[in-house]
Amino acid sequence: MGFVFDSAAAEWIKQGEDLLRKDRANEAAICFRRGGQFLRAKYTDTSAVWEEARLSQDAQGLAKAADQYEQLALEPEDDLVQQGLGRHKVLSKCARCWEDAQEYRKAAEVYIRVDEFTLSAKCFERAELFKKAADAWSRSDEPHMALDACMQGKLFEQALGFAGDLEDQSISAKFAVRLSEALRGHPPSRTRSAQMKRCAFLQQSLNDIVSFCVSIDDEDLTREV
């Protein structure tokens, strides 16, 4: 009897997947439940709520879907993976719900939890939380974007810290030129003076790189002659 039960469950799951491909989510969720995949059924139901709320721009519906995804993510990871899900997939959908609801801070905070730093940084910028955006950018595959976030938020001291930490000194130096121009528009002060000196130091790094490259080119030319 066990074999018959497993075969029936597999058939229900296959039927649910077929219905899902035809955008018949509610019917698919029923099939998943009959096949014993209760978490997948809940995920499918929630996705239907999200899609309906997204199309109708229903902020309350989007928040409801986000909360349901959040609750689903509390389930054991092994159980989620076994049903074709996983915490990363569920929480990414949760973040997209908040993003669609224009709750950008909430979206950004969820993206951070699944190491989606680029998406998190963009949401923090849309929420005008530039310090948090810069921190997220610094952990992403594009750490130099932290400099732009700092400039948007006029976080000059933090920007200089990020610039000094970048491996690509040419990017740091070019940014220092841009920051120097911005600082010239501010009233003179000790802080401004110290920041201008740090900019000058970073710009000197660029001059050193250019001089080194020129010297290598000159050496190569001499050898060719």
Item to check | Neighbour count above 12 (heavy atom, 6.0 Å) for Gln82 CD | outcome: no
Checklist entry - Is any side-chain heavy atom of Gln152 closer than 4.5 Å to a side-chain heavy atom of Glu128? => result no
Checklist entry - Hey, mind stepping through Tyr111 and Glu99 against side chain to side chain donor-acceptor pair (under 3.5 Å) and telling me if it holds? => result CA-CA 10 Å; Tyr111 278 132; Glu99 198 172 352; 2.9 Å; yes
Next on the checklist: Check this for me: does any side-chain nitrogen of one of Lys132 and Asp135 sit under 4.0 Å from a carboxylate oxygen of the other?
Outcome noted: no
Checklist entry - Are Met196 and Leu160 joined in one hydrophobic group, where the rule is that I, L, V, M, F, W and Y side chains link up if heavy atoms are under 4.5 Å apart? => result yes
Next on the checklist: So that I know where these two stand, are Phe156 and His186 an aromatic pair - ring centroids less than 6.0 Å apart?
Outcome noted: yes
Next on the checklist: Test side-chain contact (heavy atoms from CB on, under 4.5 Å) on Phe124 and Ile112; report intermediate values, then the result.
Outcome noted: CA-CA 11 Å; Phe124 276 133; Ile112 284 283; 4.3 Å; yes
Checklist entry - Please walk me through it: do Trp137 and Asp148 pass side-chain contact (heavy atoms from CB on, under 4.5 Å)? => result CA-CA 10 Å; Trp137 279 122; Asp148 287 330; over 6 Å; no
Checklist entry - Salt-bridged, Lys106 to Glu109, with N to O below 4.0 Å? => result no
Checklist outcome for this item: When every non-hydrogen atom of Cys31 is compared with those of Leu19, the smallest separation belongs to SG-CD1, 3.7 Å
Checklist entry - Would you say the side-chain atoms of Thr44 pair up with the backbone N or O of Ala29, donor to acceptor, closer than 3.5 Å? => result no
Next on the checklist: Which heavy atom of Ser138 sits nearest to which heavy atom of Pro143, and what is that distance?
Outcome noted: O-CB, 4.0 Å
Checklist entry - Hey, is Arg96 close enough to Asp100 for a salt bridge, meaning N to O under 4.0 Å? => result no
Item to check | Whether Arg192 side chain and Leu183 backbone form a donor-acceptor pair below 3.5 Å | outcome: yes
Next on the checklist: Other residues, nucleotides and ligands only: do more than 12 of their heavy atoms fall within 6.0 Å of CD on Glu142?
Outcome noted: yes
Checklist entry - Got Leu72 and Leu80 here, is their nearest side-chain heavy-atom distance under 4.5 Å? => result yes
Next on the checklist: Quick check on Arg126: does its CZ atom have over 12 non-hydrogen neighbours (other residues, nucleotides or ligands) under 6.0 Å away?
Outcome noted: no
Item to check | Shortest non-hydrogen contact from Ala127 toward Arg105 | outcome: CB-N, 4.0 Å
Item to check | N/O donor-acceptor pair under 3.5 Å between Ser120 side chain and Glu116 backbone | outcome: no
Checklist entry - In terms of hydrophobic clustering (I, L, V, M, F, W, Y; side-chain heavy atoms under 4.5 Å; direct or indirect links), are Leu147 and Leu179 co-clustered? => result yes
Next on the checklist: Rounded at 0.5 Å granularity, tell me how far CZ in Arg33 sits from CG in Asp45.
Outcome noted: 4.5 Å
Item to check | Minimum-distance pair of heavy atoms, taken over all atoms of Ser140 and Thr118 | outcome: CB-OG1, 3.6 Å
Next on the checklist: Please determine whether the number of non-hydrogen atoms from other residues, nucleotides or ligands lying under 6.0 Å from atom CD of Gln57 exceeds 12.
Outcome noted: no
Next on the checklist: Can you tell me which residue among Glu51, Gln68, Lys64 is in a side-chain contact (heavy atoms from CB on, under 4.5 Å) with Thr46?
Outcome noted: Gln68
Checklist entry - Does Leu62 reach the side chain of Trp98, with side-chain heavy atoms less than 4.5 Å apart? => result no
Next on the checklist: With a 4.5 Å cut-off on side-chain heavy-atom distances among I, L, V, M, F, W and Y, is there a chain of contacts connecting Phe117 to Leu129?
Outcome noted: yes
Next on the checklist: Is it the case that the side chain of Glu77 and the backbone of Arg87 share a donor-acceptor pair, with hydrogens and angles ignored and the cut-off at 3.5 Å?
Outcome noted: yes
Next on the checklist: When you group the ILVMFWY residues by side-chain heavy-atom contacts below 4.5 Å and let the links chain together, are Ile30 and Leu20 in the same group?
Outcome noted: no
Checklist outcome for this item: What one should report as the nearest heavy-atom pair of Leu39 and Glu75 is CD2-CG, 3.6 Å
Item to check | Cys97 SG to Asp67 CG distance, which is reported to the nearest 0.5 Å | outcome: 9.5 Å
Checklist entry - Any ion pair linking Glu17 and Arg40 (charged N to carboxylate O, less than 4.0 Å)? => result yes
Item to check | Minimum side-chain heavy-atom gap Lys42-Gln71 below 4.5 Å | outcome: yes
Next on the checklist: Would you say Leu85 ends up clustered with Trp50 if hydrophobic residues are merged whenever their side chains have heavy atoms under 4.5 Å apart, either directly or through other cluster members?
Outcome noted: yes
Checklist entry - Take atom NZ in Lys122; do more than 12 heavy atoms of anything else shown fall under 6.0 Å from it? => result no
Item to check | Distance, nearest 0.5 Å, that separates NE2 of His144 from CZ of Phe162 | outcome: 13.5 Å
Next on the checklist: How long is the straight-line distance from CZ of Arg184 back to SG of Cys199, given to the nearest 0.5 Å?
Outcome noted: 8.5 Å
Next on the checklist: Is there a side-chain contact between Arg24 and Asp18 in this structure, where contact means two heavy atoms from C-beta onward sitting under 4.5 Å apart?
Outcome noted: no
Item to check | Heavy-atom closest pair, residues Ala134 and Ala146 | outcome: O-CB, 3.4 Å
Next on the checklist: Determine whether the aromatic ring centres of residues Tyr43 and Tyr69 are separated by less than 6.0 angstrom.
Outcome noted: yes
Checklist entry - Using 4.0 Å as the upper bound for N to carboxylate O, is an ion pair formed by Glu11 and Arg34? => result no
